[in-house]
Protein chains: 2
Amino acid sequence: MQKLIDYINQYAKLDDAAILELELRAEIEKFKKNEFILEQGEYCNKIWFIKSGMVRKFHLHEGKEITAWIHVVNDIITSLYSYFHQTPAIEYLQACEETELIGISRENSKKLAQFPQFVTFTNVLMGEHFVKIDTNSREFGLMSAKEKYDYLKQISPEMIKRAKLGHIASLMGVTQETLSRIRKQT
Amino acid sequence: MQKLIDYINQYAKLDDAAILELELRAEIEKFKKNEFILEQGEYCNKIWFIKSGMVRKFHLHEGKEITAWIHVVNDIITSLYSYFHQTPAIEYLQACEETELIGISRENSKKLAQFPQFVTFTNVLMGEHFVKIDTNSREFGLMSAKEKYDYLKQISPEMIKRAKLGHIASLMGVTQETLSRIRKQT
DNA sequence: CTAATTTTTTGATCTACATCAAAAAAACTG
DNA sequence: CAGTTTTTTTGATGTAGATCAAAAAATTAG
């Protein structure tokens with residue numbers, strides 16, 4: 001739990017009462033390799049924080065798995081649309097390896113919102129997230145395969161080190177053959 | 001101003017007092033064709049609503065103009081990052097044709113925030129915007145040029161009808177020659 | 001530790017789209 | 001509305017990355 005507290009503290013300083021409440025509301029969940037945290041069609045009623053391990057978010061498009069992102073330790077994961085609109089999720093969340101999450105349900109999240117620090121945290125997080133997406137996301141699509149790879153290596157070296165080649169390729173929007181060839185050049 | 005009121009009403013019903021305050025705080029701004037609403041390096045201190053006309057958002061990348069989006073009537077425009085972080089904008093906002101905007105400055109926006117309807121409106125808008133970007137943006141990058149064109153025609157037919165070929169091509173991330181050829185096939 | 005399965009690499013060929021160049025069409029401007 | 005500039009179209013050729021096929025390497029399981 002300390003990891004999550006440290007993480008939130010970067011955005012909004014938590015006092016003892018807030019930490020106590022958090023410990024009451026958040027629960028540790030463990031997943032084995034390849035186990036699903038969320039499947040398409042389910043309602044996503046939680047937000048998770050990755051304590052250890054790695055989680056891949058993907059959806060199906062014409063039968064193929066399209067990796068949206070591969071999250072590592074200290075990332076927040078959820079199905080945003082499903083969580084906020086209370087609709088069935090269109091995507092899957094799958095543990096890439098032995099993974100420990102800290103989960104907070106919608107109801108518990110509401111209780112936490114009595115503490116202004118958590119509201120601040122949520123707002124900042126959302127703001128950051130969406131500004132980040134706004135600036136990076138289209139840019140990414142315009143890069144060459146090599147540029148995409150270098151960019152990913154820079155912003156998430158852990159992910160590049162540990163994730164499967166095929167998953168990274170899918171995230172980049174190229175075939176695994178292409179990624180394999182990119183890795184070979186130097 | 002009625003257009004903006006109608007637009008906000010979709011999200012949060014405005015009463016007479018709120019409308020009065022809005023009319024006090026928002027001001028009409030007119031731009032000629034090709035005139036800049038915002039330039040790179042400037043601080044963006046306003047959010048605008050497009051009353052009439054069309055606005056292109058772009059930035060420079062290796063000397064070339066990369067079109068991020070082309071906004072039409074009833075769209076909200078701003079430089080998100082600059083507005084919220086009070087940093088110099090990295091992008092340009094340019095009127096594609098004779099354009100009328102309704103602008104609200106940051107200070108006036110704060111005043112409006114005394115009315116809960118405006119807060120609701122802002123939150124919903126931000127939420128919508130960022131969920132939309134999250135779902136569509138990467139998807140878009142994976143489409144073929146033809147698919148991108150069909151998608152854009154579907155979500156913004158007005159823009160496809162009125163914007164310059166070169167601008168649309170840049171938004172799609174293809175050359176204008178390619179877009180011209182796509183348009184020719186039926 | 002060995003066999004089975006999964007993942008990654010390598011090679012050959014194909015294709016969507018880029019680039020370069022120039023003509024045709026459309027839109028301004030005096 | 002004639003001349004100039006800008007935008008769009010057309011054609012020829014080049015290239016990054018896809019696809020198909022199969023070997024090599026790594027992982028997993030009995």
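Per chain, numbering begins at 1; letters A, B, ... match sequence-line order.
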**OP:** Figure out the CD/C1' separation between E147(A) and dG17(D), and round it to whole Å.
**Re:**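 One finds 14 Å between C1' of dG17(D) and CD of E147(A), rounded.
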Subject >> Length of the line joining E97(A):CD and dT28(D):C1', which is rounded to integer Å >> reply: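 Interatomic distance, CD of E97(A) to C1' of dT28(D): 16 Å.
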**OP:** Could you point out which residue of K148(A), K146(A), Q154(A) forms a side chain to side chain donor-acceptor pair (under 3.5 Å) with D150(A)?
**Re:**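 Between D150(A) and the candidates, side chain to side chain donor-acceptor pair (under 3.5 Å) is satisfied uniquely by K146(A).
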Distances under 3.5 Å only, N/O to N/O: pair up the protein atoms with those of nucleotides 3-8 of chain C.
| residue | atom | partner | partner atom | Å |
| --- | --- | --- | --- | --- |
| dT7(C) | OP1 | K164(A) | NZ | 2.1 |
| dT8(C) | OP1 | L165(A) | N | 3.1 |
| dT8(C) | OP2 | L165(A) | N | 3.4 |
| dT8(C) | OP2 | G166(A) | N | 3.3 |

Subject >> D6(A) side chain to Q10(A) side chain, donor-acceptor N/O pair below 3.5 angstrom >> reply: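 Side chains of D6(A) and Q10(A): no pair found under 3.5 Å.
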Subject >> Polar side chain donor-acceptor pair, H167(A) to Q94(A), under 3.5 angstrom >> reply: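 Side chains of H167(A) and Q94(A): no pair found under 3.5 Å.
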Any side-chain heavy atom of [X] sitting closer than 4.5 Å to one from [Y]?
X: V55(B); Y: W48(B); result: no
X: M172(A); Y: T178(A); result: no
X: Q117(A); Y: E21(A); result: no
X: I28(B); Y: K51(B); result: yes

Original post:
Once you build an axis from the first five pairs and another from the last five of the helix from dC1(C)-dG30(D) to dG30(C)-dC1(D), how far apart in angle are they, to 10 degrees?
Top reply: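 Axis-to-axis angle, ends of the helix: 50°.
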Original post:
If the sugar-phosphate is the primed atoms plus P, OP1 and OP2 and the base is the rest, what is the B/S/- string for nucleotides 17-24 of chain C, using protein heavy atoms under 4.0 Å?
Top reply: SSBBB---
Subject >> Ring geometry between Y92(B) and F58(B) (parallel below 30°, tilted from 30 to 60°, perpendicular above 60°) >> reply: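 Correct class here is parallel.
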Original post:
Hey, what's the ring geometry for Y81(A) with H85(A), parallel, tilted or perpendicular (30° and 60° as the breaks)?
Top reply: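 Rings of Y81(A) and H85(A): parallel, under 30°.
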Subject >> Sequence neighbours excluded - ring pair (Phe, Tyr, Trp, His ring centres under 6.0 Å) pairs with any residue from residues 142-166 of chain A >> reply: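 Every ring pair (Phe, Tyr, Trp, His ring centres under 6.0 Å) pair that includes a residue of residues 142-166 of chain A, provided the two are not neighbours, is F140(A)-Y151(A).
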Original post:
Think K184(B) has a side-chain N or O under 4.0 angstrom from the OP1 or OP2 of dT10(D)?
Top reply: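 Result: yes.
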Original post:
Given the rule that I, L, V, M, F, W and Y join up when any side-chain heavy atoms are under 4.5 Å apart, are L14(A) and L125(A) in one cluster?
Top reply: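 Linked, L14(A) and L125(A) end up in one cluster.
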Restricting both atoms to N or O, compile the protein contacts to nucleotides 27-30 of chain C shorter than 3.5 Å, with distance only.
| residue | atom | partner | partner atom | Å |
| --- | --- | --- | --- | --- |
| dC28(C) | OP1 | K33(B) | NZ | 2.8 |

Subject >> Non-neighbouring partners of Q114(A) that pass side chain to side chain donor-acceptor pair (under 3.5 Å), sequence neighbours left out >> reply: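 Partners of Q114(A) under the side chain to side chain donor-acceptor pair (under 3.5 Å) test: none.
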**OP:** Would you sort out whether E107(A) and K110(A) count as a salt bridge (charged side-chain N to carboxylate O under 4.0 Å, His left out), showing the intermediate values?
**Re:** CA-CA 5 Å; E107(A) 301 88 70; K110(A) 273 185 204 144; over 6 Å; no
